[in-house]
Each structure stands twice: as structure tokens, then as C-alpha cells.
Amino acid sequence: MSTDLKAFGDLYVVATPIGNLEDISLRAGRILSNVHYIAAEDTRRTQLLLRHLGAETRTRAYHSHNEQLVSETILLDLKSGKDIAVVSDAGTPQISDPGYHLVKQAFSAGIRVIPIPGPSSLSAAISVSSVPTTSFLFEGFLPSKGKKLQEILQRLAMEEHTMIIYEAPHRILPLLELMSLTMGKNRCLTLARELTKLHEQICYGTLETILEEFEKKVIPCKGEFVILLEGKKDKTLLVDIEVEHVMRELIRELPISKAADIASRLTGQSRKNLYKCGLALKNKL
Ligand code: SAM
């Protein structure tokens, strides 16, 4: 935002608080106060932040439904020399949030794209993780249900790195239950809920103990969640997995032979025995 004459404006990609407004950085505050306008995923939420900063910068809606269309207008404005900031609803743009199309187009057009780092539920959750995070796989949101979710969980069951997953309050419990069935109840995880907010809660345990805490309402199914799930430790065999449960779930969606293949890979048990188990279960369904 220099006052020098320049052909193009700059695009600032600004991280904003995930709950506590005090987490806005000094630099982010200055940029948001001084740009020509802010492309915001949720203009009402951004207005609250601007009020906190005492800034009167204009906002313009920029979200997943109009991302491609609005990107073109923003690009024209950048080309005419205007400095523009892009923010998501909360946290860092592009982390399971819009921003990708605009950044890609701006970069291709020769516009300077400047990151203004700051809050993200991803980095905040990692910073309080009790499962190892020297390397991790960020999965974002998983499909909400059905075969696609089953397939992804079967792939993740074999993953050795810690997995980081976003989930909404109404789906957290079914997802953890399905994880327990697919990966075994002894898998460790950190669950970060409502980070930086009034009811912040960081829990560590196994899938079994965390599910018990939900049952006892120690952890409410409310607010926003990040799951940090420890990777598979044993390279050859999943321990304590409830084989019968896994087969029961798999044969609901797949032919018995395919279910036996997958269950054999997951558990290390004989495919032949699993096939027999599948036949017996199918008769009971
Ligand atoms: N870009 C955002 C970021 O950097 O944090 C993430 C956006 S994504 C659409 C929203 C998901 O992030 C929520 O469903 C939840 O899984 C996670 N999340 C966002 N804020 C959170 C918070 N304060 N505490 C825990 N999880 C949060």
C-alpha cells in the first residue's frame, strides 16, 4: 500500500480470528483498515471485526457460490491499481475456505499476492496436540456419510501420519463412532473444540474414552471441532479392532468378497475366515 504510482494493486490474503477478536494481528488490522475494499466470505462477520478495529473499510461478498464470478471483478479492480484484501469467515483463507480462485488468477495476471498470516483452527489445534504432529495429513471435511465416507475411512485406517479433520457439531458423534469401528477403539486422538472461544475445550484420549465423554456430556455436541487422529502404529495388524463390526458395516455396502478383501487388509486376519464371517452375517441381516 505504498503511495508510489504503481500499475497494479496488491492482493492481501488476510487471516482473521477464529473466535477471539484480540487475535487479530497488528499488521492484519493495519491492512484491513487501509485497503480499498475487503472481499469477505461473510460480510456481517467481517463488519464485527472492522468495528473492533475502528475501521470503516467497505466489504464485498466473496464466497464459494460467487467465487469465480466475483474474482473477475476483483481482478479488474486490482489491475486498475486498487489494493484489496480477501478474508474468509474466520481463520486463514484457502484452509477449507474460499480464496483459491482469486489467488490463482491474481498470480497468473502478474499481481502481487501478499499473505498476512495469523489465526487458523488448523495451527491452533496442532499447537495443543497430544498426538505427534511432526508430520500430518490435513483432510479438512470428510464426506458427510455413505460409501464415500466408508472408503475414505478405510484408507485413513492404514495412514501412519497423524490425520487432521474438521467436523461440524451435528456430525461429530457419528464420525467418531465410525472411526472407532473402522480403526479400533484404542486409537488416540486430540479433540479441539471451540478454540479461542468462551467454551474452549481440548481433550485427549482414545476413541473409546472420548466417546464415553460425549455420552456423559462432558463434551457437548456443540460448537466447532478439530480432530487430530493418531496414525496407525502397527504396520501389519490393527490391534483390538472389532472385526465383526467392520465386516457388518462393509457388507451393507459391498459384496462379501470385496468386504473380506478390505477387512483382511485392515485387520491382518485371513480373508477366507472373514469371507465365512461375512456369509454368516449376511444371513442375519
Ligand atoms: N479457514 C478456517 C481456519 O483457518 O480455521 C477453517 C474454515 S472451515 C470452513 C471451518 C471448520 O474449521 C469448522 O467446522 C471447524 O472444524 C474448524 N474450526 C473453525 N474455527 C474453529 C474453532 N474456533 N475451534 C475449533 N474448530 C474450529
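Whatever order the structure lists ligands and atoms in, that order sets their numbers, starting from 1. Sequential numbering from 1 along the given sequence is applied to the chain's residues.
Checked by distance only, ligand 1 and S121 come closer than 3.5 Å through their nitrogen or oxygen atoms. Taking only nitrogen or oxygen atoms, main chain and side chain alike, S120 reaches within less than 3.5 Å of ligand 1. Between I18 and ligand 1, at least one pair of N/O atoms sits closer than 3.5 Å.
Looking only at protein heavy atoms, the nearest one to atom 14 (O) of ligand 1 is F141 CZ, 3.2 Å. Scanning the protein for heavy atoms near atom 7 (C) of ligand 1, the closest one is D97 OD2, 3.3 Å. The protein heavy atom nearest to atom 24 (N) of ligand 1 is L195 N, 2.8 Å. Ranking the protein heavy atoms by distance from atom 15 (C) of ligand 1 puts F225 O, 3.4 Å first. The protein atom (non-hydrogen) at minimum distance from atom 6 (C) of ligand 1 is I95 O, 3.4 Å. Distance from atom 26 (N) of ligand 1 to its nearest protein heavy atom, with residue and atom name: V226 CG2, 3.4 Å.
With ligand atoms numbered from 1 in the order given, ligand 1 contributes 1 (N), 3 (C), 4 (O) to contacts under 4.0 Å with heavy atoms of T92. Near S96, with a cut-off below 4.0 Å to any heavy atom, the atoms of ligand 1 are 7 (C), 8 (S), 9 (C). Atom numbering of ligand 1 starts at 1 in the shown order; those under 4.0 Å from a heavy atom of E167 are 14 (O), 16 (O). Short contacts between ligand 1 and E194, defined as distances under 4.0 Å to a heavy atom of the residue, involve ligand atoms 23 (N), 24 (N), 25 (C).
Contact between T92 and G118 at its shortest, heavy atoms only, is OG1-O, 4.0 Å.
Of the options K197, E224, E41, H199, the smallest heavy-atom separation from atom 20 (N) of ligand 1 is shown by E224.
There is no side-chain donor-acceptor pair under 3.5 Å between N20 and T196. Side-chain contact check for E67 and Y62: at least one donor-acceptor pair (N or O, by modelled atom type) lies under 3.5 Å. For the 3.5 Å distance criterion, the side chains of S121 and Y166 qualify, holding a donor opposite an acceptor. There is a side-chain donor-acceptor pair under 3.5 Å between T59 and Q47.
The shortest separation from a heavy atom of A90 to ligand 1 is under 4.0 Å, placing the residue in contact. Within the structure, ligand 1 lacks T196 among the residues with a heavy atom less than 4.0 angstrom away.
Under the 4.5 Å side-chain criterion, counting only non-hydrogen atoms from C-beta, R271 is not in contact with K276. Between L11 and F107 the shortest side-chain heavy-atom distance does not fall below 4.5 Å.
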Problem set entry | R248/E244 under salt bridge (Lys or Arg N to Asp or Glu O under 4.0 Å): CA gap, chis, key distance, verdict | CA-CA 6 Å; R248 187 174 291 120; E244 200 177 305; 3.1 Å; yes
For this session: Could you go through the side-chain contact (heavy atoms from CB on, under 4.5 Å) check for E41 and V87 one step at a time?
Result: CA-CA 7 Å; E41 186 185 8; V87 300; over 6 Å; no
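In summary, of the residues considered (K79, K82, R112), a salt bridge (Lys or Arg N to Asp or Glu O under 4.0 Å) with D10 occurs for R112 alone.
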